[in-house]
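A short worksheet on the structure shown next.
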Amino acid sequence: MSHLSRLLIVGFCLCLTSCGDSGSARSDMEIPKPLKSDFEPEITKAFNMAAQSVEQSPTPRNWARLAAIYHAHQELNAAIAAYQQAVYL
């Protein structure tokens, strides 16, 4: 699947989230974790720092930042969950 296709899928999911029932996203949602664990230390650090920002201040901006970091590293399930939470808030 191409990068453009993935972006379109994420965008579609964001549209569905904003148009549909907002009950699927919660303000107390658990922070999604990547499925893989074999990332370079710098990437793991970026995941952890972004997740910590969400824990400290669960704003739409922090959720979107976490989502973008997951998305950039092909952790699409975690990215979609975080994007949905950013839209919900």
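These numbers come from a predicted model, not from an experiment.
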>> Using side-chain heavy atoms (C-beta onward) and a distance below 4.5 Å, is Y70 in contact with I80?
In response: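 No, too far: nothing below the 4.5 Å cut-off.
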Can you measure from [atom1] ([X]) to [atom2] ([Y]) and round to the nearest 0.5 angstrom?
X	Y	atom1	atom2	result
N62	S53	CG	OG	5.0 Å
I69	M49	CD1	CE	8.5 Å
L66	Q85	CG	CD	10.5 Å
R61	L89	CZ	CG	14.5 Å

> Would a hydrophobic clustering, with Ile, Leu, Val, Met, Phe, Trp and Tyr connected at side-chain separations under 4.5 Å, put L35 with Y83?
Replying inline: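 In one cluster: no.
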> Distance-only, no hydrogens or angles: does the E75 side chain make a donor-acceptor pair with backbone N or O of K33 under 3.5 Å?
Replying inline: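 Side chain of E75 to backbone of K33: no pair is present.
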>> Please find the pair of heavy atoms, one from H71 and one from A79, that lie closest to each other, and give the distance.
In response: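 Result for this residue pair: N-CB, 3.6 Å.
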>> Give me the atom names and distance for the closest heavy-atom approach of A78 to P32.
In response: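 Smallest heavy-atom distance, with atoms named: O-CG, 3.6 Å.
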> Within 45° of the ring axis of F47 and under 6.0 Å from its six-membered ring centre, is that where the NZ or CZ of K45 lies?
Replying inline: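 Ring-cation test returns no.
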